Undergrad: 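Can you read through this structure? Questions will come right after.
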Protein chains: 2
Amino acid sequence: MPGESHPDHAPLELEHFLPYRLSILSNAVSQAIADDYQRRFDLSMTEWRVMAVLARFDGLSAREVAERTLMDKVAVSRALAKLVESGWVTRATHDGDKRRSVLGLSEAGWAVHEVVAPMARAHERELLARLDEEERVWLLRILDKLQATEPK
Amino acid sequence: MPGESHPDHAPLELEHFLPYRLSILSNAVSQAIADDYQRRFDLSMTEWRVMAVLARFDGLSAREVAERTLMDKVAVSRALAKLVESGWVTRATHDGDKRRSVLGLSEAGWAVHEVVAPMARAHERELLARLDEEERVWLLRILDKLQATEPK
DNA sequence: TGCATATGGTTTCATATGTAACTATAACGC
DNA sequence: GCGTTATAGTTACATATGAAACCATATGCA
């Protein structure tokens with residue numbers, strides 16, 4: 001069977017086009033998780049990401065949150081406004097630099113985290129469960145390589 | 001070295017969390033491509049996807065385009081409005097069902113396609129070039145498995 | 001037929017998101 | 001110290017997106 005040729009100008013077959021497939025898969029997965037915590041806590045994906053980062057790194061500034069989540073500072077600012085309003089994140093002013101905020105999860109915020117983090121992990125486990133061990137290892141290796149170059 | 005334990009309630013490490021990694025990678029890749037054709041043709045991602053589908057399947061209705069692109073009908077309707085306006089897509093009314101539209105690429109639309117499709121393919125090639133042959137094979141296999149279950 | 005319901009597609013409205021402008025504070029150079 | 005420039009963060013505006021209401025046509029069925 002001769003190899004099929006795919007001249008560059010031939011119509012793209014979206015369903016075999018890698019960037020498209022990644023996009024569909026990624027959106028489906030992220031959306032499924034987000035639906036969960038959105039329903040329970042009215043929490044957007046960006047808000048949850050901010051909380052997840054603050055759970056790990058207490059006392060970050062908004063800019064540092066933006067760096068860690070790869071979100072832009074406006075998105076972070078908005079997420080923080082809502083999270084502080086909801087009482088899940090505390091915000092103080094940095095001693096010695098009044099521009100900077102010092103952020104952290106509140107008690108209530110930790111309680112939310114204790115519910116959402118396991119949900120997120122469960123989704124991830126469910127995703128990985130579709131693969132066998134060998135595939136899981138390859139997947140991580142492949143992601144490492146794709147991401148190593150990619151941020152450009 | 002004892003295996004690290006990851007209790008469910010421990011803070012999520014976003015950079016190791018699969019859905020997050022997929023999302024970052026997918027967005028970076030899709031955005032890089034979209035930037036290209038956006039600059040050259042002021043074409044959004046949804047609009048390009050519509051064109052790609054019409055290049056393969058001439059005469060689809062808007063609903064069928066929506067099915068093939070996994071976009072919702074509102075997004076398709078808007079993309080079509082702009083594409084028809086730009087003169088890249090032709091729209092007629094179906095004989096025997098005046099609700100349905102019959103869509104296709106115009107000459108000008110094909111010309112755009114002839115430029116954009118190779119650009120898209122080039123990005124895909126560049127992405128795959130970061131992997132060796134064995135990894136590429138595993139990646140496709142893994143994507144197949146992940147997507148086989150997932151649409152549910 | 002003629003009414004109820006379904007379908008293709010567009011419009012409306014409310015919300016989300018990104019870019020640029022802006023405010024306040026801090027750091028730098030002299 | 002004082003004007004310039006940089007940085008943290010917010011606000012404003014313009015555009016994108018999604019859900020629901022809507023219009024037109026088509027279908028099912030009494």
Side-chain angles (χ1 to χ4, degrees), chain A residues 23-24 26-28 30-32 34-35 37-39 41-50 53-54 57 59-86 89-104, chain B residues 23-24 26-28 30-32 34-35 37-39 41-50 53-54 57 59-86 89-104:
Chain A
S23 163
I24 297 300
S26 163
N27 288 344
S30 289
Q31 201 48 56
D35 283 351
Y37 54 67
Q38 193 129 24
R39 254 198 312 280
F41 299 104
D42 187 31
L43 200 58
S44 75
M45 196 166 79
T46 64
E47 286 151 18
W48 165 245
R49 283 181 182 173
V50 169
V53 162
L54 290 178
F57 305 101
L60 292 185
S61 70
R63 187 185 55 74
E64 291 166 328
V65 169
E67 274 170 14
R68 298 238 173 228
T69 54
L70 298 187
M71 299 168 23
D72 77 278
K73 62 180 186 166
V74 177
V76 170
S77 171
R78 286 196 264 244
L80 284 172
K82 235 200 91 199
L83 292 170
V84 170
E85 162 84 15
S86 310
V89 165
T90 59
R91 170 156 51 186
T93 298
H94 187 94
D95 306 349
D97 187 345
K98 292 181 203 155
R99 293 170 307 179
R100 241 175 257 182
S101 48
V102 178
L103 303 160
Chain B
S23 163
I24 296 300
S26 163
N27 288 344
S30 289
Q31 200 48 57
D35 283 352
Y37 52 68
Q38 192 127 26
R39 252 198 312 280
F41 299 104
D42 187 30
L43 200 58
S44 75
M45 196 167 78
T46 64
E47 285 152 17
W48 165 245
R49 283 182 183 173
V50 169
V53 162
L54 290 178
F57 306 100
L60 293 186
S61 70
R63 188 185 56 74
E64 290 165 329
V65 169
E67 274 171 15
R68 299 239 172 226
T69 53
L70 299 187
M71 299 169 21
D72 77 278
K73 63 178 186 167
V74 178
V76 170
S77 170
R78 286 197 264 243
L80 285 172
K82 235 200 91 198
L83 291 169
V84 171
E85 161 84 17
S86 310
V89 165
T90 59
R91 171 158 51 187
T93 298
H94 187 94
D95 306 349
D97 186 347
K98 292 181 203 155
R99 296 170 306 179
R100 239 175 258 182
S101 48
V102 177
L103 303 161

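Values in this document were obtained by computation on a predicted structure and should not be read as measured data. Numbers restart at 1 for each chain; the letters A, B, ... are given by sequence-line order, proteins then strands.
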Undergrad: Quick check: closest heavy atoms across A/Ser26 and B/Ser23, and the distance to 0.1 Å?
TA: OG-CA, 3.2 Å
Undergrad: OP1 or OP2 of C/dA6 versus the side-chain N and O atoms of B/Arg63: is any pair under 4.0 Å?
TA: no
Undergrad: How is A/Thr46 classified with respect to the nucleic acid when contacts are heavy atoms under 4.0 Å: base, sugar-phosphate, or nothing?
TA: nothing
Undergrad: Which atom pair, heavy atoms only, marks the closest approach of A/Leu103 to A/Ser61?
TA: CD1-C, 3.8 Å
Undergrad: What is the distance, rounded to the nearest whole Å, between atom CD of A/Glu47 and atom P of C/dT15?
TA: 14 Å
Undergrad: Nearest-nucleotide wise, let me know which of B/Ser77 and A/Ala75 is further upstream toward the 5' end of DNA chain C.
TA: B/Ser77
Undergrad: Mind listing the N/O atom pairs, protein and nucleotides 26-29 of chain C, below 3.5 Å?
TA:
| residue | atom | partner | partner atom | Å |
| --- | --- | --- | --- | --- |
| C/dA26 | OP1 | A/Lys98 | N | 2.7 |

Undergrad: B/Asp97 and B/Thr93: which non-hydrogen atoms are nearest, and at how many Å?
TA: O-CG2, 4.3 Å
Undergrad: How close do B/Phe57 and B/Arg68 get, counting heavy atoms only, and between which atoms?
TA: CZ-NH1, 3.5 Å
Undergrad: Report the distance from atom NZ of B/Lys73 to atom CD of B/Glu64, rounding to the nearest 0.5 Å.
TA: 14.5 Å
Undergrad: Rounded to the nearest 0.5 Å, what's the gap from NZ on B/Lys82 to CG on B/Asp42? Could you check?
TA: 4.0 Å
Undergrad: Roughly, in whole Å, what's the span from CG in B/Asn27 to P in C/dT17?
TA: 12 Å
Undergrad: OP1 or OP2 of D/dA8 less than 4.0 angstrom from a side-chain nitrogen or oxygen of A/Ser61, does that happen here?
TA: no
Undergrad: Atom CD of A/Gln38 to atom C1' of C/dA16: distance rounded to whole Å?
TA: 11 Å
Undergrad: Using a heavy-atom cut-off of under 4.0 Å over every strand shown, decide if A/Ser44 touches base, sugar-phosphate, or nothing.
TA: nothing
Undergrad: Rounded to the nearest Å, what distance is computed from the CZ atom of residue A/Arg91 to the P atom of nucleotide D/dA8?
TA: 15 Å
Undergrad: How long is the line joining CZ of B/Arg78 and P of C/dG9, in whole Å?
TA: 16 Å
Undergrad: Could you state the NZ-P distance from B/Lys82 to D/dT17, rounded to the nearest angstrom?
TA: 11 Å
Undergrad: What's the CG-P distance between A/Asp72 and D/dT10, to the nearest Å?
TA: 13 Å
Undergrad: For B/Glu47 versus B/Leu83, what's the shortest heavy-atom pair and its separation?
TA: O-CD1, 3.7 Å
Undergrad: If I take atom CD in residue A/Glu64 and atom C1' in nucleotide D/dA8, what distance separates them, rounded to the nearest angstrom?
TA: 11 Å
